[in-house]
S.K.: 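The structure's right below; bear with me while I get my questions together.
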Amino acid sequence: MNFTDLGLSPEVLQAVSDAGYTTPTPIQEQAIPYVLMGRDVLGCAQTGTGKTAGFTLPMIEILAAGRAKARMPRSLILEPTRELAAQVSTAFETYGKYHKLNMALLIGGEGFGDQERKLDRGVDVLIATPGRLLDLIGRGKILLSDVKILVIDEADRMLDMGFIPDVEQIVSFLPKLRQTLFFSATMPPEIRRLADAFLMNPKEISVAPPASPALTVEQAIVVVQPDDKREALRRLIRSEQVKNAIIFCNRKKDVDILLKSLVKHGFDAVALHGDMAQSKRTETLARFKNNEVRLLVASDVAARGIDIQGLSHVFNFDVPIHAEDYVHRIGRTGRAGMQGRAFTLAAPEDGKFVASIVALIGKEIPLGAVDGIANEALEYDDSGRRRRRAAPRSGAAKGADEPRRSRSRRPESGTGRSAHAVDPVAEPVRAEAAPEPVRAESPRSETPRAEAERSTSSRPPRRERGGRPAATPHRPTAEPIRMTPEGMQRSSNVTVLAEAAGRRGRSHAEEREEAEDRRIVGFGDHLPAFLARPVRLARG
Ligand code: AMP
């Protein structure tokens, strides 16, 4: 199918062609005709699928006729983060270059003055994060009663960030008669409930199995002691041909700590997280996108939707607690058909989180080892508690970013050479036999409500946060992977997660116990995102 078959005007087609696109992506192919018809759309699509153009192109067509009144936008796009909002506004500029549509971007962290002046002139397209929009509504600066098209983008991310009550409030200010386009990478029951409330007879579109990583991303997990992670990361960066990489941490404070450590060791790095001032975030992202700096240490704020051309690597300094975040993080690389490589540094006690990632993506992730760093095995603990702390090791400089030298497998052990002094070329990252076979255990089962919804629905099985995707296949392993600086190559001496699943024999009693356990819904030590209502700091 061509863009010309989708019902778009010559001006929009010209803008698309100027952008260098020749064929529509599947989401564009499916969504554009329905949006042009005025239908509501429920799209299950990840970023990187071309979804932004999927809604912006037909919106430009629809909005081409008509004029906006002061402070009364004609369309509203809600985005969970400022970066995504800014990216959508760039898309409007690119695709709307032959139209005279007024657009305003309302994001937190920037002055109100400019934003209000734009609103006063009348905007056709308003792109906003929920917090800032509510502020302006509360101050009487904006009226949503003229909004004809509403887009809710990255709805599951809104849920994670605690924005759903804000979104519900915003939607209550909109006219009932409108067109709504609702996009989410995953469709847990809470999101489905929202979609049912906001959409009328929507056309449902799903372009990829929810949360499946692109095939163009080669993945590996390296299990090391937490204290060895920084050194392992440095060695990985040195031995991989890293053109540019995002390094994800679970916590904002770790982003800063890791950044300092990398800079101290001579790496070219900057940081991005939600506590930074918006101007700094924008500047940092721009520098990284322009290849002025090679490494971006980030929290999950950077994981969703941020489009960086040709990112060669993603490193997860921590295993994400929510399996979906893994998919979003590694999805920053391997975009637009290019190859990408993603390494995850796991601590032994991260077994449970690794298992839920494996269960989510339905695919094994090869284990590997970094040469010179003691290779560990993943541990599983159904209670979700971090079971084991790394034993204190002699000679370890507490809190400092010094390599530990007490491991027998480390080449420099006993030689007096520090790990970071080792010639990187002589330190390829290589695969080794994993110390212990590991199995992809099923995380806790879905809630009874989720199960009930599934059984009464004719829709394909939906996945719930922290829950096991229904009938996710744990296929026996194919050939495992060997990591070398030249690329991850097939090898026979790496144990792969899913392979081990079949090998660890379990008694009937154990299986019964596990089944019993799955009926109990508990959160262990982890507060689920939907209970955690962030304070205003996290708002856009
Ligand atoms: P998105 O999922 O909207 O974030 O888009 C991901 C990337 O795909 C962006 O860099 C877009 O510029 C690009 N893109 C969108 N549509 C197309 C298309 N039809 N052909 C090629 N690239 C596209």
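Indexing begins at 1, ligand by ligand and atom by atom, following the structure's order. Since this is a predicted model, take the numbers as computed values, not measurements. All values below come from the heavy atoms of this structure, side chains included, with hydrogens, waters and symmetry mates left out.
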S.K.: Aromatic contact between Y326 and H328, with the criterion being ring centroids under 6.0 Å apart: yes or no?
M.R.: no
S.K.: Does ligand 1 come near enough to T22 that some N or O of the ligand is less than 3.5 Å from an N or O of the residue?
M.R.: no
S.K.: Could you check whether any side-chain N or O of K363 sits under 3.5 Å from a backbone N or O of V358, counting only pairs where one atom can act as donor and the other as acceptor?
M.R.: no
S.K.: Ligand 1 versus F3, non-hydrogen atoms closer than 4.0 Å: side chain, backbone, both, neither?
M.R.: side chain
S.K.: Applying ring pair (Phe, Tyr, Trp, His ring centres under 6.0 Å), which residue pairs with at least one partner in residues 110-132 are found, sequence neighbours left out?
M.R.: none
S.K.: Using a 3.5 Å cut-off on N or O atoms only, is Y95 in polar contact with ligand 1?
M.R.: no
S.K.: Does ligand 1 come near enough to T23 that some N or O of the ligand is less than 3.5 Å from an N or O of the residue?
M.R.: yes
S.K.: Under 3.5 Å, is there a donor-acceptor pair between the side chain of D40 and the main chain of T180?
M.R.: yes
S.K.: Okay, side chain of N244, backbone of S312: is any donor-acceptor separation there less than 3.5 Å?
M.R.: yes
S.K.: Show the atoms of ligand 1 that are less than 4.0 angstrom away from any heavy atom in T52.
M.R.: 1 (P), 3 (O), 4 (O)
S.K.: Taking atom 5 (O) of ligand 1 as the point of reference, which of G50, G54, G20, P26 owns the nearest heavy atom?
M.R.: G50
S.K.: Just checking, any donor-acceptor pair under 3.5 angstrom between side chains of E11 and H99?
M.R.: no
S.K.: Provide the number and element of each atom of ligand 1 under 4.0 Å from a heavy atom of T25.
M.R.: 17 (C), 18 (C), 19 (N)
